[in-house]
Number of protein chains: 2
Amino acid sequence: MSLPSEPVPQVLADALFRPVRAGNAFEETMERMLQAIRLGVVPPGGRLPPERELAARLGVSRVTLREALRALQEAGYVESRRGRYGGTFVRPTSADNLPLPPPGDLEDTLTLRLALETGAAEAAAARALTPQSRRHLRARLDDCTAAPLADYRRTDSRLHLAIAEATGAPSLTGAVADVRTRLNALLASIPLIPTNIEHSDDQHRAIIDAILAGDPVAARTAMAEHISGTASLLRGFLA
Amino acid sequence: MSLPSEPVPQVLADALFRPVRAGNAFEETMERMLQAIRLGVVPPGGRLPPERELAARLGVSRVTLREALRALQEAGYVESRRGRYGGTFVRPTSADNLPLPPPGDLEDTLTLRLALETGAAEAAAARALTPQSRRHLRARLDDCTAAPLADYRRTDSRLHLAIAEATGAPSLTGAVADVRTRLNALLASIPLIPTNIEHSDDQHRAIIDAILAGDPVAARTAMAEHISGTASLLRGFLA
DNA sequence: TCGCAATGGATCACAGTCGACCCATTGCCG
DNA sequence: CGGCAATGGGTCGACTGTGATCCATTGCGA
């Protein structure tokens, strides 16, 4: 395979020589928009930023962005209206059965998730949170406990993202969003069990309490426990 | 700025609407190659994979890859030889004064680094390591303590990457490599102080001992302490 | 000594992407 | 009622990136 005189570690080389881009600009743009809809960042009925602004933020030409939006429109996920106060809106009926990217490697995803989310919980707890952040965290927790079964995974995602957001670190927030998307792809293939949801709700409360109390160790511990539950569930169903 | 009826969280929206790609294919390819050289993944004098294979791994056309390699060659970082057993080789003299990407936000980088590297140390310690992995970790530790001042940061990077590699999770390894590159860009602007290096060596030993002993808690703690030292140093010089 | 395999070197036609520009629609507000 | 601002809709020419294909060089081994 490789010459013995080249002791290049395989895993590391694989990491550095990984693909420079996941797909073409159109595909990646569409994926991002779907991610925003799936994770509930733009709520059903909500309006996306104007095309010109969105294209600039995504670093993509408006032509390419519009191709992606047109594909989403044809698939029924969004709807565009012209004129002042027009825009592109998320169709309220499209919350379910969104296409998910193919699940990646299970252990890879779980290992990355554990590192990122426990790190985020600890960092959020270690930080002086604004009243606004505190309110946001509490609101997401309440959404989660109040959510009907069908909305559970979306509100759950939003809670976990809110924790990452509370760290104030954009890179960490983005990384958590990405790993969450991978996790959702895995979760999509296993059933929602009411008992697990009750467990999760308790754990969520413990996590948020620890963050709001400014207790990094407790926040990390609670998050680790929570994540471990989901990991076992996934391993049981998929391994 | 935005309508009050759209409670889209700013940090999260920023994370999801971040640029789809960091630059054009040529730039990103060149950046990856520099990263591989900087982090010592391909050692001085070492040979890069053949162009056809490398292009395929990076998901880029051979034409684009060759443009990047030609730029590196003109800048004196690599050298190509034709014929059987030819290839593209890293110039031994080019270890120093490699161009670094502009440093990003300090706190953002440090927060992400803390999460990823403490997570990696913990995951590595929690894992049944192969004898080969154990040897690799010890070897990188020895390189680090034995390194002359000029090589310290490269051997240090390699040690930290070896820890990430030991987790067996490619995504985590890639993420650590990326954040390390950002960290190196920051470190480049502050001096190397022998006292700090001695401290680091002790901490490195404690981390590796904990990982080899299979003690996740100790590994995390030791890594957290180590990283906190570097963080203070950076905040002192840059904040 | 010669053929062959493995490598880098080069070119071309085609598809993807971009930036710039202008048009079409809508509804607020003077 | 009419202008205007904000939005989506569409087109064009230039540049980027790709896949395929061939060429050039080198050195091992039959």
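Throughout, a chain's letter reflects where its sequence line sits, starting with A, and its residues are numbered from 1.
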**Q** A/R66 has an atom CZ; how far is it from atom P of C/dG16, in whole Å?
**A**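 One finds 18 Å between P of C/dG16 and CZ of A/R66, rounded.
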
**Q** To the nearest angstrom, how far is B/E67 atom CD from C/dA10 atom C1'?
**A**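 Nearest whole value for this atom pair: 12 Å.
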
**Q** Would B/S171 and A/T109 count as a side-chain contact (heavy atoms from CB on, under 4.5 Å) here? Give the steps.
**A** CA-CA 8 Å; B/S171 304; A/T109 303; over 6 Å; no

**Q** Could you check how far CG of B/L58 sits from P of D/dT18, rounded to whole Å?
**A**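 B/L58 atom CG is separated from D/dT18 atom P by 11 Å.
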
**Q** Let me know the distance between CD of B/E79 and C1' of C/dT7, rounded to the nearest Å.
**A**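 Going from B/E79 (CD) to C/dT7 (C1'), I get 15 Å.
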
**Q** So does A/T64 get a side-chain nitrogen or oxygen closer than 4.0 Å to the phosphate oxygens (OP1/OP2) of C/dG16?
**A**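 Checking A/T64 against C/dG16: no side-chain N or O falls below 4.0 Å of OP1 or OP2.
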
**Q** So does A/T88 get a side-chain nitrogen or oxygen closer than 4.0 Å to the phosphate oxygens (OP1/OP2) of D/dG8?
**A**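 Yes, such a contact exists.
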
**Q** Would you mind reading off the distance between A/Q73 atom CD and D/dT7 atom P, rounded to a whole angstrom?
**A**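 The answer, rounded to whole Å, is 17 Å.
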
**Q** For residues 160-187 of chain B, pull every pair meeting ring-ring contact (aromatic ring centres under 6.0 Å, His included), keeping only residues two or more places apart or in separate chains.
**A**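 Residue pairs passing ring-ring contact (aromatic ring centres under 6.0 Å, His included), neighbours aside: B/H160-B/H204, B/H160-B/H226.
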
**Q** Which comes earlier along DNA chain C counting from the 5' end, the contact point of A/A25 or that of B/G87, where each point is its nearest nucleotide?
**A**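 Mapping each residue to its closest nucleotide by heavy atoms, the 5'-most match is B/G87.
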
**Q** Counting heavy atoms from C-beta on, name the nucleotide in D/dT18, C/dT7, C/dG16 closest to the side chain of A/N24.
**A**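 So the nucleotide nearest the side chain must be C/dG16.
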
**Q** Rounding to a whole Å, what distance do you find between B/L69:CG and C/dG9:P?
**A**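 About 9 Å, once rounded to whole Å.
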
**Q** State which residues pass side-chain contact (heavy atoms from CB on, under 4.5 Å) with B/R18; sequence neighbours excluded, sorted by chain then number.
**A**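 Once residues adjacent in sequence are excluded, the partners of B/R18 under the side-chain contact (heavy atoms from CB on, under 4.5 Å) criterion are A/R32, A/D178.
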
**Q** Hey, which of these two, A/S80 or A/R21, hits DNA chain D nearer its 5' end, going by closest nucleotide?
**A**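 Whichever sits nearer the 5' end wins; that is A/S80.
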
**Q** Between A/F17 and B/M33, is there a side-chain heavy-atom distance shorter than 4.5 Å?
**A**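 SC-SC contact between B/M33 and A/F17 confirmed.
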
**Q** Should the pair B/D156-B/R180 be classified as a salt bridge under the 4.0 Å nitrogen-to-oxygen rule?
**A**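 Between B/R180 and B/D156 there is a salt bridge, with a charged N closer than 4.0 Å to a carboxylate O.
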
**Q** Can you tell me how far C1' of C/dT7 sits from CG of B/L65, to the nearest Å?
**A**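 Atom-to-atom, B/L65 to C/dT7, this comes out as 13 Å.
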
**Q** Atom CZ of A/R47 and atom C1' of D/dG8: how far apart are they, to the nearest Å?
**A**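 The distance from CZ of A/R47 to C1' of D/dG8 comes to 12 Å, rounded to the nearest Å.
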
**Q** How close do A/L16 and B/A36 get, counting heavy atoms only, and between which atoms?
**A**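 Scanning both residues, the minimum pair turns out to be CD1-CA, 4.2 Å.
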
**Q** To the nearest 0.5 Å, what is the distance between OG1 on A/T88 and CG on A/L54?
**A**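 Those atoms lie 8.5 Å apart.
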
**Q** Quick one, give me the B/S/- string for nucleotides 20-30 of chain D, reading 5' to 3', where B means a protein heavy atom under 4.0 Å from the base and S means that only happens at the primed atoms, P, OP1 or OP2.
**A** --B-BBBBS--

